[in-house]
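Worksheet: the structure to be examined is printed underneath.
Numbering of ligands and ligand atoms starts at 1, following listing order. Positions are given from 1 along the sequence.
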Amino acid sequence: MACDLETARITSLPGEAFYIADFISEDEEEYLLQKVAAAPLPRWTHLSHRRLQTWPSALTKSNTLLESDLPPWLTSPIIEPRFNSLGIFKSAPHGAPNHVLINEYRPGQGIMPHEDGAAYHPLVATVSLGAPIVLDIYEKNANEKHHAEQGGEGERDHAHNSRKPQFRILQERRSLLITRDLLYTEFLHGIAETSRDDDLGPHSVCNWPLLREKDAFLIGGYDRQTRTSLTYRDVLKVAKMGNTLKFLGVK
Ligand SMILES: O=C(O)CCC(=O)C(=O)O
């Protein structure tokens, strides 16, 4: 695993992005996939093109997280020691992620181009499990920039996607991708609803020099298999349980 972020920087991207191909071991990947699978069924939210778990809980309507610890399997070894020793969240308000979304994509599934919005500190750290997938990055159009300037909050899908991505990031299984700052605020990201990622190579994949298995992708494409992502973020507004109970009138 890279021991400093600078060697993991994706230099061809605007803003800040880092890619570490071997962030977790095969055993750790297996363990995490077992824990995701072992979560009780009601933990899953079924969306039309993927399913999702939210840890420790979904945000309230005002984008507030009710304070609660992440479970140990999402904390160790990913946050402690690895994120902490790389200093990934050191400039975030809580100094560490407090929220994890787990997305599962079967072949043919994806996520529309969207921005994660103002509920979070502008930094996402994504651990990929099970199979590779391509994350597409789009520059915002004038309307989308306007929405952000008006202080639009929350995660937001954008109109049907016929546009071409400006950048493509190939995320291998067991990798870590960090996107932050401009890349978070000025761009959208999405995953194509396809059963095959094609046209891969140094000309099209912006993190190509940092990949672990370039040879496997040199044939230009692969058939998708089920890929699970753990996306770590710092939610800005956190309500202490005591205050919430007071608010509800519980003594
Ligand atoms: O699965 C991924 O890598 C992307 C997930 C995503 O875009 C999100 O949770 O907002």
Side-chain angles (χ1 to χ4, degrees), residues 10 13 15 17-21 23-24 29 32-33 36 43-59 63 65 70 74 78 88 97-140 144 148 152-158 161 165-180 183-195 197 205-207 210-211 222 224-236:
I10 307 178
L13 281 177
F18 305 88
Y19 179 81
I20 298 176
F23 185 68
I24 57 169
E29 178 189 37
L32 286 164
L33 283 170
V36 172
R43 266 272 165 202
W44 287 106
T45 304
H46 289 263
L47 303 169
S48 50
H49 298 286
R50 68 196 149 99
R51 58 177 190 157
L52 169 76
Q53 289 181 22
T54 308
W55 293 91
S57 61
L59 305 190
N63 281 330
L65 177 69
L70 287 167
L74 285 172
I78 292 181
I88 295 175
N98 54 17
H99 198 249
V100 182
L101 292 178
I102 302 180
N103 279 297
E104 183 193 82
Y105 308 84
R106 306 216 166 153
Q109 297 187 323
I111 184 167
M112 292 288 285
H114 66 283
E115 57 191 312
D116 290 348
Y120 308 101
H121 176 69
L123 188 170
V124 186
T126 304
V127 179
S128 288
L129 309 174
I133 213 159
V134 171
L135 184 77
D136 294 322
I137 308 286
Y138 303 83
E139 195 159 6
K140 284 186 187 173
E144 291 155 349
E153 280 206 2
E155 197 165 319
R156 194 164 173 262
D157 276 359
H158 290 258
N161 185 28
Q166 197 170 350
F167 301 102
R168 299 171 81 205
I169 304 175
L170 176 49
Q171 299 180 82
E172 296 164 286
R173 60 191 296 178
R174 301 192 296 281
S175 68
L176 175 71
L177 173 68
I178 300 163
T179 49
R180 70 183 191 203
L183 212 47
Y184 185 100
T185 53
E186 302 301 315
F187 290 82
L188 310 178
H189 57 279
I191 290 174
E193 288 168 7
T194 179
S195 48
D197 284 315
V205 170
C206 65
N207 58 324
L210 297 166
L211 293 178
Y222 58 83
R224 290 252 189 102
Q225 290 164 32
T226 300
R227 180 264 189 174
T228 303
S229 63
L230 315 179
T231 51
Y232 286 79
R233 297 180 181 82
D234 184 8
V235 179
L236 299 176

Revision key, fill the gap. Within 4.0 Å of some non-hydrogen atom of Y105, the atoms of ligand 1 are 1 (O), 2 (C), 4 (C), 5 (C)

Exercise for review: Supply the atom-to-atom distance N103 CG to H49 NE2, rounded to the nearest 0.5 angstrom.
Suggested key: 13.5 Å

Exercise for review: Apply ring-ring contact (aromatic ring centres under 6.0 Å, His included) to Y222 and list each qualifying residue two or more places apart in sequence or on a separate chain.
Suggested key: F217

Exercise for review: Considering the heavy atoms of H114, write down every atom of ligand 1 situated less than 4.0 Å from one of them.
Suggested key: 6 (C), 7 (O), 8 (C), 10 (O)

Check your understanding: Hey, is I133 touching ligand 1 through its side chain, its backbone, both or neither, going by heavy atoms under 4.0 Å?
Key -> neither

Name each donor-acceptor pair under 3.5 Å that joins a side chain in residues 186-193 to protein atoms two or more places apart or in another chain, with its distance.
| residue | atom | partner | partner atom | Å |
| --- | --- | --- | --- | --- |
| H189 | ND1 | H114 | O | 3.4 |
| H189 | NE2 | H114 | NE2 | 3.0 |
| H189 | NE2 | D116 | OD1 | 3.3 |

Review point. Rounded to the nearest 0.5 Å, how far apart are CG of L32 and CZ of R174?
Key: 12.0 Å

Study note, to complete from the structure: A student comparing I191, T54, N103 should find that the heavy atom closest to atom 9 (O) of ligand 1 comes from N103

Review point. Between OG1 of T126 and CG of L135, what distance do you get to the nearest 0.5 Å?
Key: 7.5 Å

Check your understanding: Side chains of Y19 and E172: donor-acceptor distance under 3.5 Å anywhere?
Key -> yes

**Study point:** Options Q171, R227, H189, ranked by nearest heavy atom to atom 2 (C) of ligand 1, top entry
**Key:** R227

Review point. For ligand 1, does L177 get within less than 4.0 Å through its side chain, its backbone, both, or neither, judged by non-hydrogen atoms?
Key: neither

**Study point:** ligand 1 contact on R233 by region, counting heavy-atom pairs under 4.0 Å
**Key:** side chain

Point to revise | Any N/O pair T126/ligand 1 closer than 3.5 Å | key: no

Point to revise | For I111, atoms of ligand 1 separated by under 4.0 Å from a heavy atom | key: 6 (C), 7 (O)

Exercise for review: Examine ligand 1 and decide if any of its atoms is less than 4.0 Å from a heavy atom belonging to E115.
Suggested key: no

Point to revise | N-O pairing of E104 and R227 below 4.0 Å | key: no

